[in-house]
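Below is one structure, written out as structure tokens; comments come after it.
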Amino acid sequence: MLIDPDGVPTGAARMPDDAALTTAYEKLIAGRRFNDQAYALVRQGRLAVYPSSHGQEACQVAAAQVLADGDWLFPTYRDTVAAVTRGVDPVEVLTLLKGDWHNGYDPYEHHVAPLATPLATQLLHAVGVAHAARLRDEPTVVMALCGDGATSEGDFHEALNFAAVFRAPVVFLVQNNGFAISVPLSRQSAAPSLAHKGIGYGIKGERVDGNDVAALLAVLGAAVERARAGQGPQLVEAHTYRIQAHTNADDAGRYRDEAEVASWAKRDPIARLAAYLGPPSAAANEAAERLAERMRDGINADVTANPGDLFEYVYATPTPQLLEQRALLQDEMSRES
Ligand SMILES: Cc1ncc(C[n+]2csc(CCOP(=O)(O)OP(=O)(O)O)c2C)c(N)n1
């Protein structure tokens, strides 16, 4: 921990410089605004579903901020704020959750892979990209995000093992928010910590306060630079908490008590930075408001969907069944018009 929950610096080494902290602060303000606006859009019926990262924004901002332009980020469905921090358009990042059109953004534009809904599958893809970069002698580092629940998946273990054996330049950031939907960590893992899972594969494992953006910038930044220098992968376990329900479709009151939520709310990553740096600048607040406005305008705009698009971009050569289904659809649509 570099800044404690009351905003007091602990005096530990590795404190990021003021410029990095100020940038993180601005991104945190924008990230919280993004979460709040997305939740409001769900209530207004404009977004189908939203898995909020309210309370976890420090992990998301730091994960994006420590990367260089050529690096890659592999997010999950909960990592929209990380994607936006890296520069993905806030409306495009929500397209998947609106249910409009495939992934919604071009992964190559900002080197952000699609938001992965199947748990831990993105970790294998992340390792593949990192391994390929190493074979090509490119300086790329990959930041692979997942939750605590995903560490029980087979794909998580295969990804760590392959990365360790081939020294792939990848940093695995596990946001341990205590729950996999309603399943608490104690029913998920008997390991002394999730960082130990890295150690079991021969990867450096480190734990960090996931609500302390200064500590996250220091730990993740060092992990990225080690990976870039050819020193192999690392696992970082960030201790944080999901303040809101798993998604709007979940009732968190059925499996956790209010006192626990309240105790974590006191460790809020933004309040902590505000206590240390003072209130956010007017420019930071205005930028966050512009972001929210852009979300409202973009998500509230009705799109004209072409049902025929369902058959595009999945197979280079469509299967006979898909051709048959497409013909049926075309026939039905021509009779409607
Ligand atoms: C392979 C797979 N199994 C099950 C699910 C259903 N599922 C969606 S979210 C979730 C919990 C994930 O928890 P965690 O990895 O801790 O991430 P968090 O949602 O807390 O960010 C589950 C089981 C899924 N999406 N993919």
Side-chain angles (χ1 to χ4, degrees), residues 31-32 34-35 38-39 42 47-64 73-85 93-94 96-97 99 103 112-127 143-160 171-191 193-198 205 207-208 210-211 216 220 235-256 260-261 264-265 267 269:
R32 176 65 52 85
F34 180 94
N35 273 326
Y39 225 78
V42 167
L47 265 185
V49 67
Y50 187 63
S52 175
S53 63
H54 186 119
Q56 299 181 215
E57 293 96 342
C59 296
Q60 312 236 338
V61 165
L73 178 78
F74 277 73
T76 76
Y77 49 85
R78 201 177 299 287
D79 302 318
T80 42
V81 168
V84 169
T85 303
V93 88
L94 290 171
L96 176 84
L97 299 162
N103 181 56
V112 178
L115 305 175
T117 303
L119 302 178
T121 51
Q122 78 282 5
L123 304 181
L124 290 166
H125 308 156
V127 172
M143 178 71 66
L145 308 183
C146 73
D148 43 288
T151 70
S152 303
E153 291 286 340
D155 285 356
F156 171 85
H157 298 277
E158 290 173 33
L160 260 68
V171 177
F172 299 98
L173 171 61
V174 180
Q175 290 172 69
N176 176 0
N177 64 14
F179 289 90
I181 312 185
S182 57
V183 181
L185 186 66
S186 58
R187 301 291 293 166
Q188 190 75 242
S189 173
S193 80
L194 298 177
H196 280 76
K197 296 195 179 194
R207 300 171 74 182
V208 62
N211 287 13
L216 284 155
L220 292 173
L235 175 69
V236 176
E237 176 189 6
H239 289 267
T240 182
Y241 197 78
R242 160 167 67 68
I243 293 290
Q244 288 176 339
H246 173 69
T247 68
N248 49 294
D250 169 43
D251 176 5
R254 293 180 63 184
Y255 55 83
R256 60 183 198 185
E260 182 178 280
V261 182
W264 275 94
R267 304 179 59 185

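Side chains included, hydrogens not; waters and symmetry mates left out as well; all remaining heavy atoms used. The shown structure was predicted, so the numbers you read here are calculated from the model rather than taken from an experiment. In each ligand, atom 1 is the first atom listed, and ligand 1 is the first ligand listed.
With sequence neighbours left out, Arg207 forms a salt bridge (Lys or Arg N to Asp or Glu O under 4.0 Å) with Glu237. In this view, Thr151 and Lys197 satisfy the side-chain hydrogen bond (donor to acceptor under 3.5 Å, both in side chains) rule, not counting sequence neighbours. Take Leu97 and apply the side chain to side chain contact (heavy atoms under 4.5 Å, CB included) test, not counting sequence neighbours, and it matches Leu47, Val49, Tyr50, Pro51, Thr80, Leu94.
Ring planes of Tyr241 and Trp264: parallel class, angle under 30° (limits at 30 and 60°).
Protein residues having a heavy atom under 4.0 Å from any atom of ligand 1 are Tyr77, Arg78, Thr117, Pro118, Leu119, Gly147, Asp148, Gly149, Ala150, Glu153, Asn177, Phe179, Ala180, Ile181, His246, listed by chain and number.
Using a 3.5 Å distance cut-off with no hydrogens or angles, the side chains of Thr240 and Asn211 do pair a donor with an acceptor. A donor atom on one side chain and an acceptor atom on the other are not found under 3.5 Å apart for Asn35 and Gln244.
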